[in-house]
Amino acid sequence: MKRIYLDYAATTPVHDEVVQAMTPHWSEHFGNPSSIYSYGQEAKGTIEDAREKVAELIGASPEEIVFTSGGTEADNFAIKGTAFAAKKGKHIITSGIEHHAIHETCSFLERHGFEVTYLPVDGHGLVDANALGEAITKETILVSVMHANNEVGTVQPIAALAAIAREAGVYFHSDAVQTVGHIPTDVNELGVDLLSISAHKLYGPKGVGALYVRKGTRLVPFMHGGGQERNRRGGTENVPGIAGFGKAAEIAAKETPEEAERLTVFRQRLIEGILGTIDDSRLNGHPEQRLPNNVNVSIDYVEGESMLLNLDLEGICASTGSACSSASLEASHVLLAMGLAHEQAHASLRFTMGKWTEAEHVDRVLEVLPPIVTRLRAMSPLLKSRQ
Ligand code: PLP
């Protein structure tokens, strides 16, 4: 059975050209970028070339890009880096639907004397700009709101939110792990000071990412060690990973707008197909302001995990939400924050599409999902208790 992969938000396959770009950097061009002889300088050149490509993808200058080990580190760096650099003020504002990389970092800081406000979201997962304005105090040092949510795909009005923070003289960070390479993302159009990226979400390798740091932003180094990354992140660089990230960024810069249009057609077909054939199903997230590749639905009276396992038996790989929470069986904090009841939050299913998704994959989901739901509902104690 040929498997159908519909979990691109968890991770993407590495593009062939990315693999090719990485290959020479394992054993041929293996030098340490800090070495002054030719092997080292070649490796350094590779890093600087990749830095230019990543910068270009998001409209930044190369010196504003700091390579990290991924999105989680970029998020940690942005929040702890600005928190510990602040001369006065210990208040951070974020939203209730951020990735664990943000929430856990904020919890850590709360245990170290910082105060964190978690902004509510509406039923579509949108942060209210007025609520942000009201939450900012003289103590506020940073606002962090994600560009698009990894579970429900809602894209936030970042430019409007960042403008409010800027007006108040507060730094603005956005976790753009799900948007860079998927929708056009420009740091100047968005007006952000800090922005997190992860290579493995845009057909690059795992374990590499970047934090965009606007020139002049006060930030303490994240990793103490050598003077790499202009003293902002010590440690010998992941040269093959960075080379791959650069290639992935170069490809994304060319292909993103067209790919987004192609996936939007599939997205709508899948949403309409599911809602049209399965009773008591609803779309989670914003109907229009959402990622082109994201479909998240709740299907009443069935557990998301049961649907996943049954889809897997049909060769279809999907998710209930974030990769991190799928092992824990806890209801999604994102869906709960959007006002869904626990049963509805447990009945969610997420399909995320990408470069190798074809129309027939969408058709196959629409063919196998309704009978799976019918079968599961026939056994459902949730449904029986309602009858
Ligand atoms: N932020 C968001 C929105 C994500 O979706 C993810 C990964 O799922 C991360 C951060 C973490 O990125 P990484 O896997 O590169 O650490």
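Along the sequence shown, residues carry numbers from 1. Remember, it's 1-based here, ligands and their atoms both numbered in the order they're listed.
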Trainee: Answer with side chain, backbone, both or neither: which part of I102 has a heavy atom less than 4.0 angstrom from an atom of ligand 1?
Mentor: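 For I102, there is no contact with ligand 1 at all, from either part.
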Trainee: Please report whether the ring centroid of F266 lies less than 6.0 Å from that of H361.
Mentor: no
Trainee: Just jot down the ligand 1 atoms closer than 4.0 angstrom to any heavy atom of T72, in number order.
Mentor: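 Counting atoms of ligand 1 from 1, those under 4.0 Å from T72 are 11 (C), 12 (O), 13 (P), 16 (O).
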Trainee: Assess whether a salt bridge exists between R3 and D312, defined as any Lys/Arg side-chain N lying under 4.0 Å from an Asp/Glu carboxylate O.
Mentor: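 Answer for the salt bridge query: no.
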Trainee: Any idea which atoms of ligand 1 are less than 4.0 Å away from a heavy-atom of S198?
Mentor: 13 (P), 15 (O)
Trainee: Identify, by atom number and element, the atoms of ligand 1 in contact range of G70, meaning under 4.0 Å from any of its heavy atoms.
Mentor: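 Contacts of ligand 1 toward G70, numbered from 1: 15 (O).
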Trainee: With heavy atoms of H200 as the reference, note each atom of ligand 1 found under 4.0 Å away.
Mentor: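 Near H200, the atoms of ligand 1 are 13 (P), 14 (O), 15 (O).
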Trainee: How many angstroms lie between atom CD of E237 and atom CG of N32, to the nearest 0.5 angstrom?
Mentor: 7.0 Å
Trainee: Does an N or O anywhere in M146 fall below 3.5 Å from an N or O of ligand 1?
Mentor: no
Trainee: Indicate yes or no: does E367 engage R364 in a salt bridge with an N to O separation below 4.0 Å.
Mentor: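 Salt bridge between E367 and R364, a charged N being under 4.0 Å from a carboxylate O: yes.
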Trainee: Which part of K201 is near ligand 1, with near meaning a heavy atom under 4.0 Å away: side chain, backbone, both or neither?
Mentor: side chain
Trainee: Go through the steps to decide whether N149 and R290 satisfy the test side chain to side chain contact (heavy atoms under 4.5 Å, CB included), and finish with yes or no.
Mentor: CA-CA 9 Å; N149 182 266; R290 72 184 299 127; over 6 Å; no
Trainee: E98: heavy atom below 4.0 Å from ligand 1, yes or no?
Mentor: no
Trainee: Between E63 and R232, does any side-chain N to carboxylate O distance fall below 4.0 Å?
Mentor: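 Result for this pair is no, no salt bridge flagged.
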Trainee: T264 and E261: side-chain hydrogen bond (donor to acceptor under 3.5 Å, both in side chains), yes or no, with the steps?
Mentor: CA-CA 5 Å; T264 303; E261 260 180 51; over 6 Å; no
Trainee: Output the list of atoms in ligand 1 that are nearer than 4.0 Å to some heavy atom of D75, sorted by atom number.
Mentor: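 Listed by number with element, the hits are 1 (N), 10 (C).
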